[in-house]
Amino acid sequence: MPAVKRSASTGLLGRPSPYHASVTLFEPSVDGPRRSKRVKVKQEPDPVLSNAEADAKAPIAGGSKLPKARTTTVKVEETEVMEVKSSSRTPKVSSPKKVKPVPQSLSVPHPAPPRWQEAYGIIKRMREHIIAPVDTMGCDQAQFKETEPKNRRFATLVSLMLSSQTKDEVTDAAVSKLRNAVGGTLSVQAVLDAADTAVSDAIAKSGFWRRKTQYIKQTAQKLHDEFDSDVPKTVDELCSLPGVGPKMAFLCLQVAWNINVGIGVDVHVHRITNRLGWHQPPTQTPEQTRLNLQSWLPTELHPEINHMLVGFGQMICLPVGPRCSSCELSDGLCPSANKGVNKAKLKRTLATATLKEPPSPLDAGGPSIEISVESELIKSEES
């Protein structure tokens, strides 16, 4: 039998066959490619026999013939097949979502509105005599119940996260309940150690409390892993936290770190500045309002405008039914103020009684008396 031809290859390990001692089996190494063997069997025709061989293969007595000897060539070819490990697919780990940087300015600054300083001063003077919910239960009050600086900053951030779509009274109560639920101190580690149900039960009266529970837990974990259990000091880093937007980021930096890099614009600031006509054309989102205000409002007024206008919006410039009669801006500084009261006199019949006196012997069949009572009402219509 001719020698077996094998192409030179690398990455093979040889071992003796357990079935035949003269056979060597080759297997791919651990790091090398796996090779498969294909055996081809080729039958070759009998070669030309010599005279001696022909005589040996001549017919013998009895007519029987010796069987012809067949020459078989076995050719082993090895083809290289890259090994594919049949392991279970691991789920793709999505790359962290890149947070877009928060814009800080407009390409074309918005012009300062006329007489804005006069209107600003009047609002500020009115706010000195008004005690609004934001003054006693705002997000800046949560820090005063903590002693550690890190816990103060974290309490401010949690209060801001809970304040979304929630009144200040409800937010203040939710922060207090959450502090008690996690052990008396509102810290990153305390929130991480608390069960989700304990957090959700404490903040259940705030708006979107299920989602906020998830955001608070995820934020605490990220602060623990990436920021040494402390509140970040930049707007972009704060906005990378779950459930934190630009308004919360700017206010958190102002209250927690005393860093002034922009204006925190909520629904009150957005509504009141548009009613005053400070945006031309009117803005549609709080972010548009923020960029407009930052382009012309002096930087030293950025930290106070939110607190001032929030209290003004809670007590005077209400979302529905603003108290323009109590506002000093209604005499010409506010284009949205009610111009006057239209008094319409309406008459309404409250009761109609028919009195029929019993007929008397002297006046049989006398006339019946009907009494109608009408009242004059004054209806105040706000134009």
Side-chain angles (χ1 to χ4, degrees), residues 102-106 109-143 156-157 159-160 163-164 167-168 171 235 238-239 244-280 282-319 322-324 326-330 333-337:
V102 178
Q104 295 290 344
S105 61
L106 294 173
H110 187 282
R115 301 182 66 184
W116 72 267
Q117 292 176 319
E118 186 179 355
Y120 192 97
I122 291 176
I123 296 175
K124 190 173 184 178
R125 185 174 67 249
M126 285 191 292
R127 278 288 281 121
E128 294 175 355
H129 306 285
I130 297 174
I131 299 178
V134 70
D135 298 327
T136 57
M137 293 172 285
C139 298
D140 58 332
Q141 300 297 313
Q143 61 178 328
T156 300
L157 177 61
S159 180
L160 285 166
S163 67
S164 177
K167 293 184 177 181
D168 287 333
T171 300
V235 174
L238 280 167
C239 289
V244 178
K247 180 204 77 172
M248 300 180 193
F250 288 115
L251 293 177
C252 186
L253 289 178
Q254 292 170 0
V255 176
W257 291 106
N258 195 25
I259 297 176
N260 175 30
V261 292
I263 301 174
V265 175
D266 63 354
V267 291
H268 294 287
V269 179
H270 176 65
R271 179 183 70 254
I272 294 171
T273 55
N274 273 284
R275 283 180 176 177
L276 291 173
W278 286 0
H279 308 287
Q280 298 299 329
T283 55
Q284 303 299 321
T285 64
E287 270 297 276
Q288 294 177 359
T289 300
R290 177 182 68 84
L291 293 174
N292 277 3
L293 290 175
Q294 288 178 182
S295 65
W296 59 265
L297 188 69
T299 306
E300 60 270 15
L301 300 181
H302 290 183
E304 68 177 28
I305 187 173
N306 177 273
H307 190 88
M308 181 185 72
L309 292 185
V310 168
F312 183 69
Q314 289 176 339
M315 305 301 295
I316 301 295
C317 195
L318 304 176
R323 299 167 181 171
C324 297
S326 303
C327 181
E328 298 180 24
L329 300 175
S330 59
L333 285 176
C334 179
S336 303

J.: Got a second to check how far Ile305's CD1 is from Glu300's CD, nearest 0.5 Å?
T.: 12.0 Å

J.: Examine distances only and state if a side-chain atom of Ser330 and a backbone atom of Cys324 form a donor-acceptor pair shorter than 3.5 Å.
T.: yes

J.: Going by atom types alone, do Asp168 and Gln141 pair a side-chain donor with an acceptor below 3.5 Å?
T.: no

J.: So, for Ala132 and Gly311, which heavy atoms are closest and what is the spacing to 0.1 Å?
T.: CB-CA, 3.5 Å

J.: Is the backbone N or O of Thr299 less than 3.5 Å from a side-chain atom of Asn260, with the two atoms forming a donor-acceptor pair by type?
T.: yes

J.: Report yes if the side chains of Ile263 and Phe250 come closer than 4.5 Å at any heavy-atom pair, otherwise no.
T.: no

J.: Measure the spacing between CG of Leu157 and SG of Cys252 and express it to the nearest 0.5 Å.
T.: 5.0 Å

J.: Backbone N or O of Gly264 within a donor-acceptor pair of the Asn306 side chain at under 3.5 Å?
T.: yes

J.: Got a sec, which residues hit ring pair (Phe, Tyr, Trp, His ring centres under 6.0 Å) with Trp116, two or more places apart in sequence or on another chain?
T.: Trp296

J.: Can you name the nearest heavy-atom pair linking Thr156 to Gln143, along with the distance?
T.: OG1-CB, 3.6 Å

J.: Please walk me through it: do Thr171 and Met137 pass side-chain contact (heavy atoms from CB on, under 4.5 Å)?
T.: CA-CA 8 Å; Thr171 300; Met137 293 172 285; over 6 Å; no

J.: Is any side-chain heavy atom of Arg271 closer than 4.5 Å to one of Pro322?
T.: no

J.: For a quick check under 3.5 Å, do Thr289 and Thr283 share a side-chain donor-acceptor pair by atom type?
T.: yes

J.: For the side chain of Gln294 and the backbone of Ser105, is there at least one donor-acceptor N/O pair under 3.5 Å apart?
T.: no

J.: Between Met126 and Ile130, which heavy-atom pair has the shortest distance, and what is it?
T.: O-CG1, 3.3 Å

J.: So, for Gln254 and His302, which heavy atoms are closest and what is the spacing to 0.1 Å?
T.: NE2-O, 3.9 Å

J.: With a 3.5 Å cut-off and no angle check, do the side chains of Asp135 and His307 form a donor-acceptor pair?
T.: yes

J.: Can you name the salt bridge (Lys or Arg N to Asp or Glu O under 4.0 Å) partners of Arg115, sequence neighbours left out?
T.: Glu118

J.: Working to the nearest 0.5 angstrom, can you tell me the gap between His110 NE2 and Leu297 CG?
T.: 12.5 Å

J.: Should Met315 and Pro133 count as side-chain neighbours, where that means a heavy-atom distance under 4.5 Å?
T.: yes

J.: Looking at Arg290 and Glu287, is there a salt bridge between them, counting it only when a charged N and a carboxylate O are closer than 4.0 Å?
T.: yes

J.: Compare all side-chain heavy atoms of Leu160 with those of Val255 and state whether any distance is below 4.5 angstrom.
T.: no

J.: Within the 4.5 Å heavy-atom criterion, are Leu238 and Met248 side-chain neighbours or not?
T.: no

J.: Give me the atom names and distance for the closest heavy-atom approach of Val102 to Cys239.
T.: CG2-SG, 3.7 Å

J.: Check for a donor-acceptor pair, side chain of Gln314 on one end and backbone N or O of Ile131 on the other, with a separation under 3.5 Å.
T.: no

J.: Sub-3.5 Å donor-acceptor pair from the side chain of Asp266 to the main-chain atoms of Val269, do we have one?
T.: yes

J.: From Cys334 SG over to Ile272 CD1, what is the distance, rounded to the nearest 0.5 angstrom?
T.: 9.5 Å

J.: Drop me the distance from Cys327's SG to Arg275's CZ, to the nearest 0.5 angstrom.
T.: 10.5 Å

J.: Taking all atoms of both residues into account, what is the closest heavy-atom pair of Glu328 and Arg125, and its distance?
T.: OE1-NH2, 2.8 Å

J.: Can you tell me how far apart NE2 (His279) and OG1 (Thr273) are? Round to the nearest 0.5 Å.
T.: 3.0 Å

